[in-house]
Structure formats: structure tokens, C-alpha cells
Number of protein chains: 4
Amino acid sequence: MNVRKVCIAGGSGYTGGELLRLLALHPQAEVVMATSREYVGKPIHYVHFNLRSIYKNLKFSKLDVSLISKNCDAVFLSLPHGTSVDYVPKLLEVGLTVVDLSADFRLKDPQAYKVWYGYEHPYPDLLKKAVYGLPEIHRDEIRGAKLIAVPGCNATASILSLIPLVKCRVIDTDKIVIDVKVGSSEAGSKPSIGDHHPEREGCVRPYDADGHRHVAEVQQELSTIAGQEVVATMVPHAVSNVRGALASSHAWLSIEVEELDVLKAFVETYKGEPFIRIIYKIPPNYPDPKYVIGSNYADLGFALEKRVGRITSFCAIDNLMKGAAGQAIQVFNIAVGFNETLGLQITPLKPA
Amino acid sequence: MNVRKVCIAGGSGYTGGELLRLLALHPQAEVVMATSREYVGKPIHYVHFNLRSIYKNLKFSKLDVSLISKNCDAVFLSLPHGTSVDYVPKLLEVGLTVVDLSADFRLKDPQAYKVWYGYEHPYPDLLKKAVYGLPEIHRDEIRGAKLIAVPGCNATASILSLIPLVKCRVIDTDKIVIDVKVGSSEAGSKPSIGDHHPEREGCVRPYDADGHRHVAEVQQELSTIAGQEVVATMVPHAVSNVRGALASSHAWLSIEVEELDVLKAFVETYKGEPFIRIIYKIPPNYPDPKYVIGSNYADLGFALEKRVGRITSFCAIDNLMKGAAGQAIQVFNIAVGFNETLGLQITPLKPA
Amino acid sequence: MNVRKVCIAGGSGYTGGELLRLLALHPQAEVVMATSREYVGKPIHYVHFNLRSIYKNLKFSKLDVSLISKNCDAVFLSLPHGTSVDYVPKLLEVGLTVVDLSADFRLKDPQAYKVWYGYEHPYPDLLKKAVYGLPEIHRDEIRGAKLIAVPGCNATASILSLIPLVKCRVIDTDKIVIDVKVGSSEAGSKPSIGDHHPEREGCVRPYDADGHRHVAEVQQELSTIAGQEVVATMVPHAVSNVRGALASSHAWLSIEVEELDVLKAFVETYKGEPFIRIIYKIPPNYPDPKYVIGSNYADLGFALEKRVGRITSFCAIDNLMKGAAGQAIQVFNIAVGFNETLGLQITPLKPA
Amino acid sequence: MNVRKVCIAGGSGYTGGELLRLLALHPQAEVVMATSREYVGKPIHYVHFNLRSIYKNLKFSKLDVSLISKNCDAVFLSLPHGTSVDYVPKLLEVGLTVVDLSADFRLKDPQAYKVWYGYEHPYPDLLKKAVYGLPEIHRDEIRGAKLIAVPGCNATASILSLIPLVKCRVIDTDKIVIDVKVGSSEAGSKPSIGDHHPEREGCVRPYDADGHRHVAEVQQELSTIAGQEVVATMVPHAVSNVRGALASSHAWLSIEVEELDVLKAFVETYKGEPFIRIIYKIPPNYPDPKYVIGSNYADLGFALEKRVGRITSFCAIDNLMKGAAGQAIQVFNIAVGFNETLGLQITPLKPA
């Protein structure tokens with residue numbers, strides 16, 4: 001077997017830890033480096049207690065492009081937004097395949113970085129080159145790509161829930177409200193008062209409710225699919241799960257439609273997709289992130305209320321898996337020509 | 001002091017227990033009876049462990065109208081939907097003040113019971129007589145009323161969140177989506193697979209997403225306020241809190257509006273209301289049920305995204321308090337002429 | 001009514017917030033000052049979201065002894081261990097009643113501070129003068145006391161669980177293991193990685209298991225009661241509750257004993273105690289902190305396994321109430337001559 | 001590869017579901033039957049929502065010994081205690097390898113079933129033949145065994161925590177208190193009031209505290225290792241995790257001992273064990289079930305308090321994995337001659 005040697009840059013956070021967890025069992029990838037500013041020299045399990053006895057000799061090292069270049073074929077960037085952008089050009093230059101989990105290369109329009117992220121993007125050319133790493137819509141472009149920008153959990157759940165509705169042209173594409181509920185691991189491993197256990201447990205807390213920036217990529221991708229501008233708005237809520245994200249995408253029907261037509265649109269859109277599961281009229285009736293925990297699945301379903309002409313499409317994912325590390329490995333597999341599901345054949349836990 | 005003697009019919013469930021908890025400290029009410037089919041003869045704390053040493057001599061008894069009539073001035077009905085309707089006429093006949101926590105007398109239109117609850121309402125005349133027990137809009141009618149139908153948690157949070165928007169005529173009143181998140185105590189004290197701890201903990205589970213019946217009363221009340229038909233749709237989600245409900249009411253602006261105008265509408269609508277608190281540009285920025293737990297407060301706030309013309313109004317309540325027992329005592333106080341806040345001056349827990 | 005004016009020093013943390021919550025409803029106390037280093041000038045609800053609309057005009061101020069002296073009759077110290085000790089002498093000097101929630105004056109033996117807290121206590125004379133604020137054993141000394149050291153949650157639950165067993169001389173007093181389970185609010189309001197929601201939720205994490213310093217006060221108090229040295233050891237576990245602490249105190253019988261004798265010892269020990277509730281052969285069979293949340297109750301019970309001669313005594317409290325702020329107000333009431341239960345007649349929540 | 005065909009009898013409960021989850025990825029086992037009284041004819045994912053799209057054609061069937069005999073090489077019994085005993089003789093008769101997850105064949109002494117389980121065991125001869133399925137102490141006997149009684153979570157955690165201490169003869173073996181904390185999935189998938197979400201969430205609830213029957217097998221196994229009677233007592237506590245069990249085994253030293261000697265005893269006892277991990281002076285300092293969730297690991301550690309001569313040994317497991325289904329597959333692998341870790345190479349989730 002042709003094993004790829006990989007580096008996890010930013011390996012001490014939650015998505016870094018999840019990549020390490022997954023790659024430990026990947027039959028054709030080997031983690032040979034994991035970087036961390038804070039934990040240089042410490043063993044992996046010093047931070048990731050779950051990985052005790054799994055990475056026996058690996059220690060965190062500094063992020064050093066030349067060392068990565070020497071030892072690795074590919075690099076996963078689990079760095080903060082605004083940090084990846086500094087490393088990506090250098091990593092590409094030395095020929096590495098770069099799978100970036102930050103937002104730094106997800107938007108195509110350089111102006112959008114100014115509007116949504118508040119900075120002038122320094123590499124507009126690379127934005128063109130970068131592939132948006134959602135396999136369900138960009139699989140072909142991902143093959144062989146050297147720079148892939150992996151979407152985060154809110155965007156992944158939102159886009160996946162809306163593709164079939166946009167494609168089958170049954171909704172008003174200028175009045176979509178995506179109400180997202182997401183667990184605490186999304187906020188990362190750095191303690192904060194909002195995610196301090198006594199404050200976070202039991203909360204149902206709206207945040208960034210007057211304009212969440214992840215909607216920018218949702219609109220970008222859905223507009224391409226629709227062939228016209230899609231206007232969406234996102235209202236995320238912090239809930240007290242640790243893992244899991246649910247997008248409840250509310251839309252208004254533009255034409256009369258039957259449930260079976262919508263179901264057909266879902267089934268056809270996602271035919272053959274290894275990580276999409278559709279729920280229709282069988283328990284638990286609608287997607288619930290609880291039942292994808294630990295896996296790369298995205299569970300999809302919808303509810304149609306004909307009385308008022310409203311349709312809600314639901315997408316449930318594990319925010320660290322299909323919403324981050326799992327998806328990153330899926331696109332890595334595609335990019336380097338592996339079977340897409342390598343290292344990702346994990347059955348979700350239940351109960352969990 | 002003029003103490004009212006009261007009976008809790010259906011005292012062994014969660015709303016019954018909450019009424020017992022609150023009335024234990026009510027300075028002008030005394031619980032002299034609590035009924036339960038299952039626990040006749042057992043002390044209150046046999047079921048409500050929290051009330052050990054508080055109700056020392058009270059035992060659960062059978063629901064006997066003549067006994068209630070003999071011993072009580074008022075009765076709270078914490079009975080299942082469809083059961084209250086059988087008792088209410090008899091209880092009214094003997095002159096009792098009836099505070100009904102079920103849905104049996106909330107809707108004005110008898111036909112609506114057929115549509116939403118699947119039965120022919122046997123007492124259409126009483127529907128006219130019943131007052132919808134939301135003090136913020138029906139305080140005057142509640143005074144002296146003999147039959148009050150207390151709204152539940154989903155409806156209370158939904159209506160309170162939308163009154164200011166409907167009143168100030170800034171939204172399309174035919175495209176309102178109310179996305180509700182609610183804790184497990186809402187489902188009542190009877191075990192079920194869906195609320196079995198291993199299944200419920202960590203869930204974010206949409207239910208009745210193709211048409212929840214509580215929207216009927218939401219539309220009824222908002223239409224009256226608007227002076228025209230309001231079309232709303234409700235998508236509830238079971239989350240893993242025990243207590244708490246958040247309504248995120250998403251609407252589309254019909255005219256351009258500034259944040260401060262909306263704020264003004266909220267402030268004016270709820271001026272002088274003892275249990276309404278408005279949050280605007282101060283932590284935690286938006287209402288979160290976590291910070292009203294144990295109290296009768298409804299916390300309100302909103303988010304305006306001018307980019308797309310979307311406004312979301314949030315209302316956070318404790319589903320057993322302002323969403324059930326607390327509100328029941330508030331309307332009882334009003335009905336019998338007490339100070340509205342008696343027995344309800346409880347500061348919420350934090351953290352909890 | 002003779003209202004006492006009080007200051008909460010360290011009012012922005014969890015015990016400070018709980019004192020504010022309780023005192024808002026205390027009929028004979030008024031909070032006229034609340035200090036905080038970090039939030040000077042901010043309204044109370046800037047930090048304690050639950051108290052919005054309750055403290056309308058109060059703002060956090062600096063800790064200034066002369067100001068406190070001028071405005072207040074008593075002061076509650078919710079300061080970190082090792083900080084109270086600097087303020088107490090000055091506060092006593094100006095004649096204030098000082099209720100200290102830190103550990104700085106709990107131990108009688110100055111040497112013990114060296115052993116358990118690692119510092120030389122600067123005021124050994126004040127240690128003699130300070131009263132250990134557990135009303136169930138020091139009520140008489142608390143009356144009129146000017147300096148009261150309120151025990152924390154682990155010590156309170158441990159001592160209360162063991163007094164009857166030590167008093168009735170049925171156990172080996174040199175082989176007591178107290179296995180404590182405690183919620184996240186015990187750790188305070190400052191974020192840390194161990195209490196970061198993703199790490200804390202779902203944990204069952206032993207800590208300080210090779211010698212927890214709170215055992216020092218447990219041994220001190222139990223030895224006095226026993227009239228001989230009691231040797232105890234404490235193994236605390238962080239669990240994922242927000243509030244609540246359970247001490248499971250395991251001991252070995254020194255003589256044969258019947259359940260009813262033990263029950264009698266519990267009942268007699270705590271006769272007339274307003275906040276002690278004893279559970280015996282009635283659901284939920286043993287104490288569970290879940291059913292005291294929000295209240296000042298300590299629920300007590302025990303299990304005797306005659307087969308092996310083992311007895312376990314359980315004490316369940318709300319760590320912020322009987323384990324901190326509730327107890328502080330109880331001793332304050334006693335100290336200044338009020339009815340002991342003022343401001344503390346709160347029924348616990350259920351479910352919560 | 002020599003694939004074994006297996007049946008899961010009692011496949012609709014939590015341990016049955018966990019077996020299905022694990023065996024889906026087992027390279028040398030294939031689930032060809034899963035039985036359920038309640039769900040005959042329904043697809044697997046009708047109950048186990050997590051397994052949607054994984055078992056595509058399998059449906060629940062009746063428990064029919066002759067059908068199992070015809071189609072399978074081995075059978076896993078996830079049946080209630082007292083039910084397995086009826087099927088085991090028949091299943092053995094037809095030559096199947098039987099892995100029983102119930103308590104019906106764990107005790108060697110037939111009298112013990114009367115004492116602890118309240119019934120006369122009908123097959124005392126089979127008790128002799130049955131192997132206690134804890135690989136760490138019975139690996140050799142498990143090889144080729146036809147009837148293996150898999151220990152449950154409380155017993156597994158308790159025994160694993162105590163073997164090194166008993167072996168190295170440093171503790172009093174007649175004064176061991178095992179304080180267990182366990183998640184809600186242990187109670188099974190059948191709803192009950194005690195495990196109803198509003199009642200279970202946030203609880204710390206002792207149960208069977210005056211004598212838990214699982215201590216019988218703990219004493220049986222430890223006595224064999226010690227070569228003398230070991231007296232242990234177990235006090236389990238229901239906590240609000242879904243998965244996870246922690247045994248905190250408190251013992252008193254019989255001789256003076258250094259930490260490094262104890263560490264050595266742990267290391268030597270478990271040398272080469274694929275699923276034992278020892279934690280010593282590295283974060284998180286002591287075992288926490290949180291960091292084994294989803295995996296077959298048992299994390300071990302200890303705390304020595306020389307001041308009082310107390311040692312506590314901790315064992316953290318996932319109750320459905322090393323405490324049930326994971327261990328069942330481990331013993332199945334050993335019994336049929338497979339590599340012991342097949343299907344069990346799963347890295348735990350973190351955070352989860």
C-alpha cells in the first residue's frame with residue numbers, strides 16, 4: 001500500500017485531536033508530525049487523553065514548513081482563522097497537498113473577506129485555486145487538488161440541507177432562515193466564560209444572530225447551484241451538547257409540491273453518497289445529531305406544512321466529523337486518489 | 001389576610017408539583033387538597049421529593065368535585081388535554097374559580113378543536129366564557145374571571161416574542177416561522193422511550209415539525225392583536241435541558257426599520273409588566289432560558305439583520321413557570337384580586 | 001423592622017451571586033454594596049444575568065474598608081482563599097460583623113494552615129476568636145459572633161453525614177472514607193480547561209485524591225464531637241452537574257447495630273434543625289442533591305450492610321446554598337439575632 | 001478469511017445494539033441474525049437509529065434455537081438476567097459457542113444464586129463449565145470455551161481496579177469499599193421513572209447501597225486471586241452521564257508501601273494487555289470514563305494517602321464496551337481463536 005505521510009498543524013485543539021483520532025486507524029495514512037505552539041515536546045496524549053497508548057512515540061513539534069516538507073506528503077491545517085493564510089502559500093510551494101480547515105480559503109470573492117472577516121485577503125489568486133471541500137458538490141474538483149478549503153459545521157449542515165430544495169426549484173430563494181443548534185466543542189478547546197461548564201450547560205443561547213459570517217459560504221455555494229443569487233440568513237444557537245449540530249433550514253414554497261416529490265429530490269441529489277443518510281417516515285422521523293455522533297454521516301430529512309406553504313429541511317452532523325475532521329479526511333482521500341471512505345467507516349454511537 | 005383555599009387537581013405531575021412548590025410560599029393561598037389517581041393516600045413528598053418536610057400533613061386524594069367544592073375557593077387543573085373538559089362545567093357550577101392548565105379551553109373557535117385536537121368540543125359556550133390566561137394581553141378580562149385557560153410554554157414564548165412586532169406592523173404577518181427549543185420536563189412525568197435519559201440527553205430532535213397544534217392559539221391571539229389574520233408556523237425541537245424553552249421567531253420585514261424603533265416597540269408593549277425583562281446590547285445579548293430557571297420571568301430580545309430584512313425575536317421562559325404553573329398563579333392572583341406577583345417573587349438560579 | 005445593611009465583598013463570583021440572589025428577598029437585610037475588582041461600575045446584572053430587573057441601581061464598587069464601615073452593619077466575604085485573611089482584621093476593627101466564606105479562619109490550629117494551605121497564618125489569635133459556621137453544631141457560639149468562618153460544600157456535607165455516627169459511637173473512627181461527588185459550580189466562575197464545557201460535561205473525574213485539604217476541618221470538627229481523634233480521608237470527584245454535592249461517607253461498624261438505632265441517632269441529632277431532612281425507606285431511598293437544588297436543605301440518609309459491617313452515610317446539598325451562600329445567610333441570621341430561616345424559605349426545584 | 005456467523009439474541013436493547021455496532025466492522029464475523037420479541041420483522045435501524053444504512057437487509061427475528069443452530073457458529077445473549085439460563089443449555093447442545101452477557105452463569109457457587117438473585121439455579125453443572133469472561137484473568141480458559149459468562153460493568157471495573165492491590169498483598173482484604181458511579185445506559189433501554197430524563201439528568205443517586213449483588217462476583221474472582229476470602233462491598237451511584245462507569249475502590253494499607261511499588265504492581269499485572277491503560281502523574285491524573293467512551297479500554301490509576309494509610313484504585317470504562325459488548329467480542333475473539341482485538345480497535349472520542 002502506498003501510505004501517505006501527513007502532518008497535523010495545530011494538533012492540540014479539538015479538530016486536531018479528531019484528525020489524530022481518525023488517522024490512527026487510517027490504513028493508508030500515517031501521522032508523522034503534529035504541531036502545537038503550546039505543547040512542543042509533549043506526547044500526544046498529554047493533551048488528548050483519549051489517545052493514550054495509541055500514539056506511542058509521537059510528540060508535538062513546532063510548525064516548521066521545511067520539516068513538514070521533508071517528512072510529509074500532505075498537511076492538515078487546524079489553525080485559527082487568519083493564521084492558515086500565512087502558511088498556505090509556503091506549504092503549496094514545497095509541493096504539499098494542503099487540507100485547510102480554517103475559513104481562510106473558502107470564499108471565492110476577495111471582497112467578501114473584507115465584509116465578513118474584516119481583513120483584506122492577501123492571496124486573491126489562491127482563492128481561485130482553492131477548492132471548496134464539500135465532496136457532495138465538488139468531488140471532481142477535489143480530485144488531485146493541492147489546496148482544499150474544508151467547510152465548517154454550520155456551513156456544511158446548512159448547505160447539505162438546502163441543495164435538494166434549491167435544485168428542485170420549489171422554494172423562494174430569497175427568504176431562507178437557517179436556525180442552527182450546535183454543541184460546545186464547536187467553540188474549540190480554549191476556555192472562555194461563555195463555554196465555562198456552569199454557564200454553558202443547560203443553555204439555549206443565540207449568538208451572532210444579527211449576521212453570522214458562515215452564511216457567506218452558504219450563499220456562495222447555493223447561488224452557484226441555483227444559477228441565481230440565493231439569500232439566506234443564519235441564526236446559530238449554542239446548546240448544551242458537546243458534539244453535534246443541527247441545521248433547521250426554513251423556507252417558503254414557491255410552488256405547490258407533494259412530499260414524495262421532495263423526497264425524490266433528496267434521494268436523487270444524494271444518490272451514491274457514502275455519508276448521506278435520508279430519514280423519511282421512520283423513527284426518529286427527523287435527523288438528530290445524537291445519532292451520528294462519532295461518525296462522518298450527515299442525516300437529512302424534511303417537514304412540509306402545506307397549510308402554510310412552509311418547508312423545513314434538517315441536516316444533523318457531528319460538528320467535529322462531517323463538520324470538520326471527518327470531512328477533511330474525506331476530501332484528503334479524494335484528493336490523493338484513495339477510496340473516499342478510508343478511515344471513516346465508523347458506526348455512530350447510540351446511546352451516547 | 002384573606003387566604004384562598006385551593007385544590008391542585010392532577011397534583012402528581014410536573015406542573016402539579018410546581019404549583020405545590022409555589023403555593024407553599026404563597027402568603028394568601030393555602031393548598032388544602034391535591035388529587036392524583038395513582039397516589040391516593042400517599043404524602044406529597046412520596047412523589048415530589050423536593051417537598052419533603054414542606055407539606056407535612058397533606059396527602060393525595062381522589063378528584064371529587066363535591067369535596068373540592070366544600071373545601072376550596074379555587075381549583076388548578078393540571079390534567080391531561082381532553083380530561084379537563086369533563087370537569088370544568090361541574091367545577092364552575094359549584095362556584096369555584098377554575099384555572100385550567102390544559103388546552104381544553106384555549107381556542108375560541110369550536111371547529112379548531114376538530115382540526116387540531118381531533119375532537120368535537122362539547123361546550124362551545126364555555127369557550128366563549130373562558131379567558132385566555134396570558135396577563136400581558138388579557139389582564140382586564142382575567143380580573144374576576146371564573147374560567148381561565150392558561151397557555152402552555154410553546155404558545156406563551158411564541159406569542160410574547162411576537163406581540164411587539166405584530167403591533168408595530170413591521171413584519172410580513174404571513175411568513176412567520178417560530179423555531180422552538182424546549183427541555184424534557186415539558187413532556188411530563190410519564191416515562192417514554194423518547195424521554196428515556198439515554199435517548200433524550202444530548203438530543204436536538206425536531207418533533208411535530210409538519211404542523212404543531214399549539215400554533216393554533218398563537219395565530220388566534222396574534223390575529224386579534226393585528227386586526228388581521230396572522231399566519232405562523234411552529235417547529236419545536238426537543239433539547240437536553242430539563243427546564244427552559246426558547247422561541248426564536250423568525251420574520252421578514254415589511255418595511256425598513258431601525259433597531260431602536262424595534263426596541264421602543266418592545267419597551268412600550270411591556271411597560272410595567274412585572275415578569276417581562278428586555279435584553280438589548282448587554283450580556284448575554286439575547287435571551288437564554290438558562291437565566292430564568294425557577295422564576296416566572298420571560299426574557300425578551302431581538303436581532304435585526306438589515307442585509308436581508310430578517311428579524312428574529314427571542315423569548316426565553318422556564319416552561320414549568322411562565323410556561324405553566326407560574327403563569328397559572330399569576331392569573332389566579334389577578335382573577336381573585338390579589339397582587340399579581342404574590343408567591344412569584346423568586347429570583348432565578350445562576351448557574352443552574 | 002430592623003434592617004441590616006450588608007456588603008458582599010467579591011460579589012461577581014458564584015457564591016457572591018448566590019448571596020445577591022438570596023438577599024434580594026431577605027426581609028431584614030439590604031445589600032447596599034457589592035464589590036468586584038473586575039467589574040467596578042457595572043450593574044449587578046452585567047455579570048449575574050439572572051438578577052436583571054432585581055437590583056436596579058446597585059453597581060459593583062471597589063473593596064474599600066472605610067466605605068463598607070460607613071454604609072454597612074455586616075459584610076460577607078466571597079473572596080479567594082488567602083485573600084480574606086488580609087481584610088478580616090480591618091473589618092473587625094471597624095465593628096462589622098464578618099461572615100467569611102473562605103477557608104482562612106476555619107481551622108483552629110495555626111500549624112494546620114502550614115500543612116494544608118502552605119502558609120503561615122498571620123493572625124493565630126483571630127483563629128481562636130472565629131466561630132466555625134456550621135449551625136448544627138455551633139449555633140450558640142454563632143449568636144453574637146463577629147467573625148464566622150463558613151464551611152464549604154465538601155466539609156459541610158461530610159461533617160453533617162458523620163455527626164450521628166460519631167456521636168452514637170458505632171463506627172471505627174480511624175477508617176472513614178468520604179467519597180464526594182460535586183458539580184461544576186464549586187470550582188468558581190473563572191474559566192479553566194478542566195471546567196471547559198467539552199471537558200467537564202460527562203466527566204467523573206477524581207481530583208486531589210491523595211489528600212484533599214478540606215478533610216482538615218472535617219477531622220477538626222468530628223474529633224471535637226467524638227472527644228477523640230477522628231481520622232478521615234476524602235476523595236472528591238468532579239461530576240457533570242452544575243449544582244449539587246453528595247458525600248458518601250463509608251465507615252466500618254465497631255459494634256453490631258440495627259438500622260433503627262442508626263435512624264434514631266440521625267433523628268435525635270438533628271431534631272428541630274430547620275434545614276435537615278432525613279430520608280429513610282421512602283423514595284428516593286437515599287439523598288440525591290438533585291432534590292435540594294436552589295434550597296438550603298441538607299438531605300441525610302444511610303445504608304447499612306450488616307453482611308460486611310459497613311455503613312455509608314449520605315449527605316446531599318446544593319453546594320452554593322447549604323455549601324456556601326445559604327449557610328452564610330443562616331449564620332448571619334443567627335449572629336445578628338434574626339430568625340434563622342429568614343430569606344432561606346425556598347423550596348427546591350423538581351425537576352431541575 | 002474464516003468468517004464466523006453470529007446471532008445477537010436480544011438485539012434491540014443497548015448491549016444488543018452495541019454488539020451490532022461493533023460487529024458491523026468486525027473483519028471476521030458477520031451478524032446473520034438478531035432477535036427481538038418486540039420488533040420482529042422490523043429493520044435494525046428501526047430501533048438503532050445510528051445503524052441506518054449499515055445493516056441494509058437484516059431484520060429482527062424471533063429467538064428460535066434451531067434457526068440459530070442452522071445459520072450461526074456463535075450466539076451472543078443480550079437477554080435479561082434469568083432469561084439466558086433457559087436458552088443456554090439448548091444452544092450449547094446444538095454446538096454453538098455461547099457468549100452470555102447476563103449474570104446467569106457468572107457465579108460458581110449455585111447457593112450464591114439463591115442469596116443474591118433469589119432463585120435456585122437449575123444448571124449447577126453448567127456453572128462449573130462456564131468461564132468467567134474477564135480476559136485479564138481467564139484468557140487461557142476462554143480459549144476454546146463454549147460458554148462464557150461476560151461480567152457486567154460494575155464488576156469489570158471493580159475487579160480490574162483491585163487485582164494489582166490484592167496480588168501485591170498491600171491492603172486489608174476485608175475492608176474494601178467500592179464506590180461506583182455509572183451512566184444511564186447501564187439501566188437498559190426500557191423507560192422507567194428513575195431514568196426518565198427530567199429525573200435522571202443531574203442526579204447523583206445511590207442505589208442498592210445496602211448490598212449490591214454484583215459484589216458477589218467481585219468477591220469470587222478476587223478471592224481466587226488472593227488465595228483467601230476477600231470481603232468487598234459496593235455502593236453504586238447513578239450519575240447523569242449516558243455512558244461510562246468509574247469504580248473508586250477504597251482500601252486500607254496492611255503494610256507501608258511506596259507509590260512506585262504500587263505502580264509497579266499495576267504495570268506488571270497488566271503487561272501486554274491490549275485494553276488496559278495505566279495513568280500515573282500525567283493529565284488527567286486519574287482515570288475518567290469520559291476518555292474511554294466508545295472504546296474497549298479500561299483506564300486504571302490509583303491514589304495513595306500515606307497520612308492515613310488509604311489507597312484508592314480507580315478503573316474507568318465505557319459500560320457498554322469493556323463493561324458489556326466490547327468485552328463480549330473480546331472473549332468471543334479469544335474463544336474462537338481470532339486476534340483478540342479484532343473489531344475493537346476503536347479510538348475513544350474526545351471530547352464527547
Side-chain angles (χ1 to χ4, degrees), chain A residues 14 17-18 20-25 42-43 45-55 183-186 188-189 201-202 240-244 273-279 282-288 290-295 297 299 316 318-321 345-352, chain D residues 14 17-18 20-25 42-43 45-55 183-186 188-189 201-202 240-244 273-279 282-288 290-295 297 299 316 318-321 345-352:
Chain A
Y14 288 153
E18 194 72 350
L20 287 161
R21 175 176 85 90
L22 295 168
L23 290 167
L25 298 177
K42 299 284 187 194
H45 66 264
Y46 186 87
V47 174
H48 302 302
F49 310 149
N50 57 324
L51 301 180
R52 176 182 308 282
S53 91
I54 290 165
Y55 285 95
S184 60
S185 59
E186 191 213 17
S189 60
E201 180 58 19
S240 60
N241 307 36
V242 172
R243 284 181 183 234
E273 284 299 336
F275 295 114
I276 302 286
R277 307 191 298 188
I278 294 164
I279 300 175
I282 186 166
N285 293 321
Y286 303 108
D288 181 342
K290 187 172 173 72
Y291 302 117
V292 297
I293 297 303
S295 83
Y297 289 111
D299 279 2
D318 179 329
N319 58 301
L320 293 178
M321 290 292 299
Q345 282 167 316
I346 299 171
T347 46
L349 293 183
K350 171 171 179 289
Chain D
Y14 286 152
E18 193 73 349
L20 287 160
R21 176 176 84 91
L22 295 168
L23 291 166
L25 298 177
K42 300 283 188 196
H45 67 264
Y46 187 87
V47 175
H48 302 300
F49 310 149
N50 56 324
L51 302 180
R52 175 182 309 280
S53 91
I54 290 164
Y55 285 95
S184 61
S185 59
E186 191 213 16
S189 60
E201 180 57 21
S240 59
N241 307 40
V242 171
R243 285 181 183 234
E273 284 298 336
F275 295 113
I276 302 287
R277 306 191 298 188
I278 294 165
I279 300 174
I282 187 168
N285 292 320
Y286 303 108
D288 180 343
K290 187 173 173 72
Y291 302 117
V292 298
I293 296 306
S295 83
Y297 289 111
D299 279 3
D318 179 330
N319 58 301
L320 293 177
M321 290 292 299
Q345 282 167 315
I346 299 171
T347 45
L349 294 182
K350 170 172 178 288

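In what follows, every heavy atom counts, from backbone to side chain, and hydrogens, waters and symmetry copies are set aside. We name chains A, B, ... by the order of the sequence lines, and we start the count at 1 in each one.
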Subject >> Partner chain D: residue of A:Q345, A:H48, A:R277, A:R243 with the largest heavy-atom pair count (under 4.5 Å) >> reply: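 Looking at each of A:Q345, A:H48, A:R277, A:R243 in turn, A:R277 comes out on top.
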
**OP:** Considering only heavy atoms and a distance below 4.5 Å, find which of A:I279, A:I346, A:L51 pairs most often with chain D.
**Re:**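 Option with the greatest count: A:I279.
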
Can you say whether [X] sits under 4.5 Å from chain D via the side chain, the backbone, both, or neither, judging by heavy atoms?
X	result
A:L20	neither
A:R52	both
A:L25	side chain

Original post:
How long is the gap from CG on A:N50 to NZ on D:K290, to the nearest 0.5 Å?
Top reply: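 Between A:N50 CG and D:K290 NZ, I get 10.0 Å after rounding to 0.5 Å.
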
Subject >> From CD (A:E273) to OG (D:S53), nearest 0.5 Å >> reply: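 The distance works out to 12.5 Å.
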
Subject >> Minimum heavy-atom distance A:I282-D:H45, with the two atoms named >> reply: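 That closest heavy-atom pairing would be CD1-NE2, 3.6 Å.
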
**OP:** Heavy atoms only: give me the nearest D:F49-A:K350 pair and the separation to one decimal.
**Re:**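 Reported closest heavy-atom pair: N-CD, 3.9 Å.
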
**OP:** Using non-hydrogen atoms and a 4.5 Å limit, figure out which bit of D:I54 sits close to chain A: side chain, backbone, both or neither.
**Re:**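 D:I54 touches chain A through side-chain heavy atoms alone.
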
Original post:
Are the side chains of D:I293 and A:L349 in touch, meaning some heavy atoms are under 4.5 Å apart?
Top reply: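 When only atoms from C-beta onward are counted, A:L349 and D:I293 do touch, with a gap below 4.5 Å.
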
**OP:** Mind ranking D:A24, D:G294, D:P284 by heavy-atom pairs under 4.5 Å with chain A and telling me who comes out on top?
**Re:**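 When all of D:A24, D:G294, D:P284 are compared, D:P284 has the most.
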
**OP:** Using modelled atom types only, decide if a donor and an acceptor are shared between the side chain of D:S185 and the backbone of A:P351 within a distance under 3.5 Å.
**Re:**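 No.
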
